[in-house]
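Below: one structure, written as structure tokens.
The first residue of the sequence shown is numbered 1, and numbering continues consecutively from there.
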Amino acid sequence: MKALGWWLMLVGSLRLASVWFGFFDIWALQVAVYSKSTMTEVHGRTFGVWTLLTCTLCFLCALNLDSKPLYTATFLSFIYALGHFLSECLIYQTMTLGNLTTVTIFAGTSIVWMLLQWNAHEKTRPKSS
């Protein structure tokens with residue numbers, strides 16, 4: 001497995017912990033992510049399902065780096081997540097800058113790395129005569 005694949009497995013595993021918090025420990029999720037808002041159980045479960053989807057994308061992409069559609073979907077999941085958390089911090093002010101920093105480190109690293117490796121994992125197809 002390539003280094004990017006291992007990175008995506010790490011990020012997916014960390015996201016899996018957030019899934020647990022979304023379903024079973026909303027207080028911890030509120031403290032770790034949305035520290036300036038009151039979360040309901042519905043918010044927690046929605047966050048959990050969304051995070052489970054993005055974690056699944058990380059695992060699938062890590063194992064299939066040569067799949068351009070899967071690679072693109074995983075890349076976009078990082079863009080969307082970062083955009084969401086940036087708006088929560090800067091516009092809605094429901095999270096602190098410190099919590100945003102953690103998200104930005106993982107999402108930002110993933111975005112940059114995936115951009116740098118955009119075409120590096122494609123399988124070369126034999127030329128047709």
Query raised in the report: Where the side chain of Q30 meets the backbone of M39, is there a donor-acceptor pair that is under 3.5 Å apart?
Result: yes
Query raised in the report: Considering residues, nucleotides and ligands other than K68, do more than 12 of their heavy atoms fall under 6.0 Å from its NZ?
Result: yes
Query - Side chains of T54 and R15, donor plus acceptor under 3.5 Å - result: yes
Query raised in the report: Mind checking whether L10 and W6 have side chains closer than 4.5 Å, heavy atoms only?
Result: no
Report task. Give a yes or no on whether the backbone of N119 and the side-chain of Y71 come within a donor-acceptor separation of less than 3.5 Å. Result -> no
Requested in this report: Could you tell me the separation between the CG atom of L8 and the NZ atom of K2, rounded to the nearest 0.5 Å?
Outcome: 13.5 Å
Requested in this report: To the nearest 0.5 Å, tell me how far C58 SG sits from F106 CZ.
Outcome: 11.5 Å
Requested in this report: Would you check if the distance from the ring center of F21 to the ring center of W27 is below 6.0 Å?
Outcome: no
Query raised in the report: From L4 CG over to S110 OG, what is the distance, rounded to the nearest 0.5 angstrom?
Result: 8.0 Å
**Report entry** Derivation and outcome, side-chain contact (heavy atoms from CB on, under 4.5 Å), residues T104 and T109
**Finding:** CA-CA 8 Å; T104 304; T109 300; over 6 Å; no
Query - Option among T101, T96, L97 that satisfies the side-chain contact (heavy atoms from CB on, under 4.5 Å) test with N99 - result: T96
Query raised in the report: With a cut-off of 6.0 Å (strictly less than), are more than 12 heavy atoms of other residues, nucleotides or ligands near CH2 of W20?
Result: no
Requested in this report: Following the transitive rule for hydrophobic clusters with a side-chain heavy-atom cut-off under 4.5 Å over Ile, Leu, Val, Met, Phe, Trp and Tyr, establish whether L76 and L82 coincide in one cluster.
Outcome: yes
Report task. Looking only at non-hydrogen atoms, find the nearest pair between L65 and G5 and report the distance. Result -> CD1-N, 3.9 Å
Query raised in the report: Under 30°, 30 to 60°, or over 60°: which ring-plane class applies to W7 and W113, parallel, tilted or perpendicular?
Result: tilted
Query raised in the report: How long is the gap from CE on M95 to OG on S87, to the nearest 0.5 Å?
Result: 9.5 Å
Query raised in the report: Going hydrophobic residue to hydrophobic residue with side-chain gaps under 4.5 angstrom, can you get from I79 over to V103?
Result: yes
Query raised in the report: Under a 4.5 Å cut-off applied to non-hydrogen side-chain atoms, are I26 and Y34 in contact?
Result: no
Query - same_hphob_cluster(F78, L90) at 4.5 Å side-chain heavy-atom cutoff - result: yes
Requested in this report: Test F24 against V19 for side-chain contact (heavy atoms from CB on, under 4.5 Å), laying out the working first.
Outcome: CA-CA 9 Å; F24 303 110; V19 171; over 6 Å; no
Report task. Say whether L52 and L14 are linked into one hydrophobic cluster, either directly or through other cluster members, by side-chain heavy-atom distances under 4.5 angstrom. Result -> yes
Query raised in the report: Do you know which two heavy atoms are closest between G12 and C55, and how far apart they sit?
Result: O-SG, 3.5 Å
**Report entry** From OG1 (T72) to CG (L70), nearest 0.5 Å
**Finding:** 8.5 Å
Requested in this report: Could you label the plane-to-plane angle of the W50 and F85 rings as parallel, tilted or perpendicular, counting under 30° as parallel and over 60° as perpendicular?
Outcome: tilted
Requested in this report: Verify whether one side chain among H43 and T46 offers a donor that lies under 3.5 Å from an acceptor in the other.
Outcome: no
**Report entry** Atom pair OG/CZ of S13 and F59 - distance to nearest 0.5 Å
**Finding:** 4.0 Å
Query raised in the report: Are Y80 and L86 connected in the hydrophobic side-chain network, where two residues link if heavy atoms are under 4.5 Å apart?
Result: yes
